[in-house]
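Step one of this worksheet: look at the structure below.
Order of the sequence lines sets the chain letters (A, B, ...), proteins ahead of strands, with each chain counted from 1.
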Amino acid sequence: MAQMWITMGPQHPMTHGLWTLRVKIDGETVVDTEPELGYIHRGVEKICESRDFTQITPYCDRLCYASAMTWAHSYIYAAENLLEVEVPERAEYIRLIANEMQRIASHLMWLGAYTPDTGNLTVFVWCLRDREMFLDLMQELGGSRMHYNFPRVGGVKRDLPIGFADRARAKTKMFLERMQEYEMLLDESTIFLIRTQGVGYAKAEEMVNAGVTGPNVRAAGVNYDVRWAHPYSVYDEIDWEPSVEKQASIKGADCYDRYRVRMEEMRQSALMILDALDKIPGGADTHYSPGDEMILSKAPNRAPEGASGFHHFEDPRGESMFYLQGGGEGRGKSPYRMSIRSPMFITIPFVAKTMIGYKIADIPAIMGSFDPCIGETDR
Amino acid sequence: MATHPNAQPNFRNMFWKPFHMCIKAMARTFSRGPFNRWAKANADGYHNKIEPNMLDEKSIARAEGNIMNDVTAHEYTADREGSELFPTIWKPYTIMYPYERLEDLEPWLFEPGQYNGRIGVVWETCTACKLCIRICPNDCLHMSTKLRVDIMDLQDEDSEHGGLGGDLQVGGYAALPLEEVLAAHEVRNPVTAHTAPEPEYRFGEVISLSGKTATVRWNDSNKETIEYSENLLRGDEQIVSGMIDMGRCMFCGLCMEACDSTSFFMTNEYDGLSGYTREDLWFDASRTRVLISEQQEAVDEELALRAKKERAKRAKKAEKKSAKAKKAEA
Amino acid sequence: MSDKATGASWMVSADQNESAAKAAVSAINSHFSKAGVVASVLKHSSGSKRSYVSIECPPEHWLALAKWLRFDNGVNHCSMITGIHHPDGGADKGWEVVAHLMRMPVKNQEPGVAHVMRGGELEGNDIPMEYEVGIILPPSTTPTVPSVQSVWVGADWNEKETWDLVGINFEGHKDMVRVLNPHDSPVGFHPLQKQHRLRYDGFNEMYDDAQGFGRKPIDADKVK
């Protein structure tokens with residue numbers, strides 16, 4: 001039978017973002033793939049060369065809109081490295097709570113987008129319903145549901161509102177119970193199991209060499225998490241365990257492993273939130289006004305020329321990194337160069353090669369299981 | 001069709017789970033009064049499970065005395081009780097937007113200073129410092145200002161608004177009245193005049209003040225001269241018009257944080273921001289009204305500060321007057 | 001925070017981090033000192049102030065250094081390769097390529113067995129480490145750096161992005177195409193070079209007529 005190239009995208013409901021996957025098929029089997037990115041390249045790196053450090057934070061929220069809080073924090077940690085700023089401990093705890101809530105919300109969005117791809121529409125509405133709980137919590141912190149503009153260089157914008165701790169605890173405990181419902185529904189569903197097990201094998205050595213990080217590589221048994229390998233914030237004071245899955249077979253980790261890793265990560269994040277609310281210095285029920293030194297320390301707003309700072313950060317999709325170079329006397333208020341490392345930029349070409357040998361119908365399952373977010377890929 | 005070992009039909013899924021669902025639903029629905037305990041134990045979600053912490057005796061008595069109304073702590077999300085008689089049957093989670101609004105059901109999410117909603121500006125207290133314009137990442141805020149003499153500086157000393165003007169400040173502006181122009185403008189008829197009115201003042205920047213004199217660098221010639229302070233009026237860069245491009249605004253809230261004079265707010269409104277063309281999204285002063293009651297505290301503080309300054313000024317002027325009068329007498 | 005079962009710590013401690021950085025630096029310096037490669041241990045200036053290895057490498061030795069790092073130092077992950085244009089850098093510094101590499105601990109990957117290593121137990125070349133390699137190029141219209149596409153798969157798309165956005169050529173890179181800009185972008189157009197300026201650069205106004213004084217009502221030309 002003749003082989004032909006088919007274009008999936010750029011508008012395609014299962015590619016989870018705006019990119020094109022050109023697939024060469026022989027009947028139903030995928031023989032070759034070619035991803036094309038760049039449809040939402042907005043030039044963020046160039047724009048941020050002419051913005052102040054505080055003005056860049058809302059741009060970084062919009063890099064990966066499904067996981068805005070973590071991207072803003074990733075930038076802020078790099079900016080603090082560049083400007084040599086100390087962050088008060090209470091602010092670090094607040095950041096940890098916000099980041100872990102965002103991790104849960106991002107994984108719920110992933111699950112809510114992935115399960116309909118495999119045919120299970122109920123989990124879609126369940127995940128979005130539970131994601132609403134965390135979006136409401138982050139709305140109290142940041143002021144809007146998806147782009148919060150929450151961290152500042154040297155701390156956070158404002159403290160936990162009054163009553164936040166009670167609501168957060170209630171919602172997180174409720175979520176831990178609800179997770180059991182998801183697992184019950186998905187782990188005992190023939191369709192989901194058949195579509196995800198044995199599909200999309202990805203070997204650990206290949207993933208490590210390609211630079212794939214985060215839940216994707218932890219599904220293959222490689223225990224690498226930036227939160228323990230290069231600790232930042234107060235992750236060493238919180239009680240948690242990295243979530244790793246064994247590879248399913250000698251061929252690598254399949255989609256089901258990646259699903260299990262993310263479910264376990266959500267559970268760990270929920271436990272981290274509860275733990276952080278207990279351990280936060282100053283108590284979770286006190287409220288310091290914005291700009292108080294408990295939550296925001298004074299930061300210079302100029303970086304000397306030749307100074308640079310970078311920070312690796314554990315994003316829900318992998319390891320993200322910002323590299324900033326300072327601008328010196330004249331343009332010191334903006335970075336001279338801002339370079340963004342997006343985990344998905346490296347993962348998507350890798351995934352495109354993983355799909356070879358499977359059927360077209362497996363493409364959404366494999367693609368979705370790696371959790372692409374094109375906002376951060378294209379910047 | 002292929003089957004999976006985990007997914008075989010089994011008695012638990014086929015019988016026990018539906019059975020428990022029915023029993024719990026019945027317990028939730030039909031348990032009132034003395035059987036409230038079952039209702040609470042089988043309630044779905046986080047409603048009807050938590051006793052509220054009543055603050056005083058009266059409230060506790062009110063809660064306990066009412067066996068028909070199941071008083072629980074509805075703190076965490078919208079109250080979705082279907083009816084008072086069967087409070088455990090819930091309405092759908094979806095908030096029916098035009099008829100129910102989330103800000104009525106969960107007001108803590110929409111605190112006026114915390115939520116990044118529509119921009120609201122109290123133009124009266126704006127001092128045209130342009131901090132908001134400089135911090136906006138998207139260049140959405142536009143303001144045109146004019147250097148002029150404030151009307152409070154032009155009032156007679158004895159009138160009811162007299163004495164409320166400002167003094168010359170180093171770094172501020174000074175205005176020299178041009179007598180011929182002012183005289184000409186007394187008799188000018190704006191209805192029939194052929195040319196625009198000429199500027200009535202000559203403006204300059206105050207470099208330093210000492211005693212009765214001020215060093216002024218004039219804007220037109222860039223030269224510095226020394227003038228008597230009593231011949232000069234104070235000049236202000238004042239806001240004439242402002243436009244906000246809500247089409248570009250990304251609701252980040254940096255402008256609200258930058259505003260020193262507490263005139264710039266992000267209200268908690270999200271309605272009424274739409275239009276058919278991009279020009280419709282340009283908001284001018286009339287569309288950036290602030291519901292003063294919500295930002296009342298901030299506005300009150302600012303106005304109180306200014307009232308204090310004015311009172312201090314009036315007191316000083318009154319002292320000066322009485323000192324002069326005493327001298328004249330003596 | 002430690003593992004409940006064994007009590008070993010999950011976290012990589014500061015001492016491990018420091019010792020790993022020093023070991024890597026001394027190995028690099030002893031191996032490459034004659035090539036002009038200078039490695040040093042720097043610390044992040046905020047947060048937990050961890051050490052990392054910072055290397056300055058002349059462009060001609062970059063491929064050799066990359067291979068040595070990968071195979072003898074265990075640096076198995078190329079995190080990012082980025083380029084910077086310095087039009088005002090003087091006679092020595094016209095372009096800069098910065099490569100960020102990481103060492104991920106990967107031990108004995110066997111199927112069906114997850115080696116859940118605990119950070120506190122890692123030693124030697126297994127300790128995770130961050131590397132930053134800076135390559136400075138003199139000013140030129142065709143800056144060139146050898147490509148490390150053959151050493152790390154992750155460098156492939158990073159180099160494509162650097163060439164696409166900044167314009168630094170990678171010698172030996174197969175299949176160099178535009179990855180973020182459209183495929184039909186003009187040849188020689190690399191947006192992140194400093195001569196291309198945005199409209200809002202330096203806080204100049206983005207608009208010609210900000211307050212819309214020149215705009216016409218919607219029904220202009222339509223009402224008689």
Side-chain angles (χ1 to χ4, degrees), chain A residues 37-38 41 43 45-47 50 77 80-87 204-206 208-211 213 220-224 228-233 235-242 244-251 309-312 319 321 323 325 336-337 339 341 345-346 349-350 378-379, chain C residues 1 3-4 9-12 17 44-48 50 52 76-80 82 84-86 96 98 100 102 104-106 109-119 128 130 132 152-158 161 165 178-183 191-192 194 196-198 200-203:
Chain A
L37 299 175
H41 176 61
E45 296 182 359
K46 183 80 181 177
I47 290 177
S50 49
Y77 280 115
E80 284 167 358
N81 261 331
L82 175 71
L83 298 169
E84 302 185 15
V85 182
E86 291 290 334
V87 181
E205 316 83 65
E206 288 177 13
V208 167
N209 196 15
T213 47
V222 179
N223 179 14
Y224 178 67
W228 67 255
H230 307 281
Y232 55 92
S233 188
Y235 284 102
D236 44 0
E237 295 175 25
I238 302 283
D239 214 1
W240 64 287
E241 288 185 3
V244 191
E245 275 290 309
K246 315 192 261 203
Q247 285 190 128
S249 93
I250 198 168
K251 294 194 251 179
F310 70 96
H311 185 89
H312 293 274
E319 167 227 315
M321 181 187 81
Y323 171 68
Q325 265 203 355
Y336 188 74
R337 170 82 165 103
S339 188
R341 193 260 179 182
F345 187 68
I346 305 299
F350 173 78
D378 284 350
R379 281 156 270 148
Chain C
M1 162 216 95
D3 182 16
K4 291 188 177 73
S9 168
W10 287 112
M11 294 283 164
V12 171
N17 174 264
H44 285 297
S45 19
S46 82
S48 36
R50 291 280 165 136
Y52 66 96
N76 42 20
H77 169 200
C78 171
S79 183
M80 185 160 82
T82 188
I84 307 159
H85 178 212
H86 291 278
E96 191 180 343
V98 182
H100 291 272
M102 304 261 276
M104 261 200 251
V106 181
Q109 291 304 125
E110 293 163 25
V113 182
H115 277 277
V116 183
M117 61 205 92
R118 288 148 190 87
E130 299 168 319
E132 185 183 52
W152 293 292
V153 173
D156 181 13
W157 273 51
N158 278 319
E161 179 205 340
L165 292 179
R178 294 270 186 188
V179 65
L180 290 177
N181 282 326
H183 290 296
L192 254 65
K194 297 294 174 185
H196 300 292
R197 293 179 148 254
L198 292 182
Y200 196 35
D201 192 38
F203 302 100

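With a 4.5 angstrom heavy-atom cutoff, A:Val87 does not touch chain C via any of its atoms. Heavy-atom distances place both the backbone and the side chain of A:Phe310 under 4.5 Å from chain C. For C:Glu132, the part sitting under 4.5 Å from any heavy atom of chain A is the side chain, from C-beta outward, and nothing else. When heavy atoms are compared at a cutoff of 4.5 Å, A:Ser233 does not approach chain C at all. Heavy atoms of A:Gln325 lying under 4.5 Å from chain C belong exclusively to its side chain. Heavy atoms closer than 4.5 Å to chain C are found in both the backbone and the side chain of A:Ile47. Only the side chain of C:His100 comes within less than 4.5 Å of a heavy atom of chain A; its backbone N, CA, C and O stay farther away. For A:Phe345, the parts sitting under 4.5 Å from any heavy atom of chain C are the backbone and the side chain alike.
Options C:Arg178, C:His183, C:Arg50, C:Glu161 differ in how many heavy-atom pairs under 4.5 Å they form with chain A, and the most are formed by C:Glu161. The choice from A:Ile346, A:Val208, A:Asn81 that makes the most heavy-atom pairs within less than 4.5 Å of chain C is A:Asn81. For the options A:Glu84, A:His312, A:Glu86, heavy-atom pairs under 4.5 Å to chain C are most numerous at A:His312. Among the candidates C:Val153, C:Asn181, C:Leu180, C:Val12, the residue making the largest number of heavy-atom pairs closer than 4.5 Å to chain A is C:Leu180.
Within the 4.5 Å cutoff, the side chain of C:Trp152 has no heavy atoms near those of the C:Asn158 side chain. Within the 4.5 Å cutoff, side-chain heavy atoms of A:Tyr224 are placed close to those of A:Glu319. C:Tyr52 is listed as a side-chain neighbour of C:His44, based on a closest heavy-atom distance under 4.5 Å.
We find the CH2-CH2 distance between A:Trp228 and A:Trp240 to be 9.0 Å, quoted to the nearest 0.5 Å. To the nearest 0.5 Å, the span separating CG on C:Asn17 from NE2 on A:His230 amounts to 8.0 Å.
The two residues C:Ser79 and A:Arg341 make their nearest non-hydrogen contact at O-NE, 2.8 Å. A pairwise comparison of heavy atoms in C:Pro128 and A:Ala229 identifies CG-CB, 3.6 Å as the closest pair.
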Trace of the side-chain contact (heavy atoms from CB on, under 4.5 Å) decision for C:Leu192 with A:Arg337: CA-CA 9 Å; C:Leu192 254 65; A:Arg337 170 82 165 103; 2.9 Å; yes

